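Take a look at the structure set out below.
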Amino acid sequence: MLNLETATFGTPILSRSKMLLKVRLWFYFLSYVHLVTIAGLLLTIDFSNAEDPRIKQYQETRWKLLTAWFNLITLLYFPTCFYCDWRELRGEANTKHVKLLNQFRYLAFTGILLPTTAFGDILFWRIWNKDRELIAPAEIDTLVPFWTQHCMHTISLVIMLIDLVLVPRERPKNMFVGFGVLTTFLTVYIFVCTRSFLHGELIYPGLKLFTGYKFLILVAYVYIENFFYYTSQWLIVDIVWGHGNKKIA
């Protein structure tokens, strides 16, 4: 239960069990099938034949989209999770390489996938509903069906939130490593976007609005919001898994 004086959570909502492991195995299998199916569909689209230069550029820039980056990591993440849970179901969780894979799995999720997916998907729909031309020209719908946007920017977040709830985790005593991984990822991505921008290539049309000091404000916003999602996930972990012996800062 919640202790208001120390803001800790003691009673878990979920607990480890073979049934939960089996649920996760199906969850990761179906999530991977969904990801591979959508990726296969979108990667076969040939933007190079488009007459509109704004659409034609996606033949190259689609690999620089934030969605592409965290989906590429997810292509490794899902099979790793499936394998680790399968080995745990067989009673082999303490095998050395399984422990190492679990460390990668937990750090990849908490340090990159959860915060960047939440940031990317939530920001995508906020901008899309305000002015979709800041995301991509409307003409791109002739090549990229609207329903695929939900596959890339709605279902992806739902999957991350389900993963956050189903997998037993514990708030780290020191968040330096997690913040370091996230900061490194964001810094590399911002560098790629900045380099493209300086060479006249707009990965996102809306970036044209951010020049001079506005661009620095945008960069600060990207870091702050991602750090917010990184920190917030541990509140959910504390509630669901009851690892409340650590104060919530």
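The chain is numbered in sequence order, starting from 1. Note: hydrogens, waters and symmetry copies are ignored here, and every other heavy atom, side chains too, is used. Source: prediction; values computed, not measured.
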Hydrophobic cluster membership, with links at side-chain heavy-atom distances under 4.5 Å among I/L/V/M/F/W/Y: are [X] and [Y] in one?
X: Val158; Y: Ile112; value: yes
X: Val33; Y: Leu157; value: yes
X: Leu75; Y: Phe185; value: yes
X: Ile224; Y: Leu235; value: no
X: Phe104; Y: Phe179; value: no

Give the minimum heavy-atom separation between [X] and [Y], together with the two atoms involved.
X: Val165; Y: Val240; result: O-CG1, 3.6 Å
X: Lys208; Y: Phe197; result: CA-CE1, 4.5 Å
X: Thr74; Y: Pro79; result: O-CD, 4.2 Å
X: Cys84; Y: Asn102; result: CB-OD1, 3.4 Å
X: Leu202; Y: Leu207; result: CD2-CB, 4.1 Å
X: Leu182; Y: Pro115; result: CD1-CG, 4.0 Å

[X]: what forms a salt bridge (charged side-chain N to carboxylate O under 4.0 Å, His left out) with it, not counting sequence neighbours?
X: Asp163; value: Arg169
X: Glu92; value: Arg87, Arg90
X: Arg16; value: Glu88

Measure the [atom1]-[atom2] distance between [X] and [Y] for me, rounded to the nearest 0.5 Å.
X: Lys22; Y: Leu20; atom1: NZ; atom2: CG; answer: 11.5 Å
X: Leu89; Y: Ser17; atom1: CG; atom2: OG; answer: 10.0 Å
X: Trp125; Y: Ile127; atom1: CH2; atom2: CD1; answer: 12.0 Å
X: Leu35; Y: Leu30; atom1: CG; atom2: CG; answer: 12.5 Å
X: Tyr230; Y: Met175; atom1: OH; atom2: CE; answer: 5.5 Å

Side-chain ([X]) to main-chain ([Y]) donor-acceptor, under 3.5 angstrom:
X: Thr154; Y: Cys151; value: no
X: His153; Y: Gln149; value: yes
X: Trp241; Y: Val167; value: yes
X: Arg24; Y: Leu166; value: yes
X: Tyr189; Y: Leu66; value: yes

Could you check if a side-chain atom of [X] sits within less than 4.5 angstrom of a side-chain atom of [Y], using non-hydrogen atoms only?
X: Thr67; Y: Phe70; result: yes
X: Ile236; Y: Ser232; result: no
X: Phe109; Y: Gln233; result: yes
X: Phe78; Y: Ile73; result: no
X: Leu134; Y: Asp131; result: yes

Among Ile, Leu, Val, Met, Phe, Trp and Tyr joined by side-chain contacts under 4.5 Å, find the other residues sharing a cluster with [X] and list them by chain and number.
X: Ile217; value: Tyr213
X: Leu76; value: none
X: Leu100; value: none
X: Leu143; value: Ile38, Leu41, Leu42, Ile45, Phe47, Ile55, Tyr58, Ile140, Val144, Trp147, Met152

Which one of Ile155, Ile162, Leu161 satisfies the side chain to side chain contact (heavy atoms under 4.5 Å, CB included) criterion with Ile159? Ile155

Output field: ring centroids Phe82/Phe29 closer than 6.0 Å: no

Criterion side-chain contact (heavy atoms from CB on, under 4.5 Å) on Leu113 and Met160, from CA distance to verdict: CA-CA 8 Å; Leu113 293 177; Met160 290 297 113; 3.8 Å; yes

What residue pairs, at least two apart or across chains, pass salt bridge (Lys or Arg N to Asp or Glu O under 4.0 Å) with a residue in [range]?
range: residues 53-71; answer: Asp52-Arg54, Arg54-Glu133, Arg54-Glu139, Lys64-Glu201
range: residues 113-123; answer: none
range: residues 102-114; answer: Asp85-Arg105

List for me each residue that meets ring-ring contact (aromatic ring centres under 6.0 Å, His included) alongside Phe146, sequence neighbours excluded, and say none if there are none. Trp128, His150

side-chain contact (heavy atoms from CB on, under 4.5 Å), that's the test. Do Val219 and Phe210 meet it? Break it down for me. CA-CA 10 Å; Val219 170; Phe210 296 90; over 6 Å; no

Can you run down the side chain to side chain donor-acceptor pair (under 3.5 Å) pairs that involve residues 214-228, sequence neighbours left out, and say none if there aren't any? Arg126-Tyr221, Arg126-Glu225, Thr187-Tyr223, Tyr221-Glu225, Glu225-Tyr229

Determine whether more than 12 heavy atoms belonging to other residues, nucleotides or ligands lie under 6.0 Å from atom CZ of Phe228. no

Could you check whether Thr116 and Trp69, counting side-chain N and O atoms only, form a donor-acceptor pair closer than 3.5 Å? no

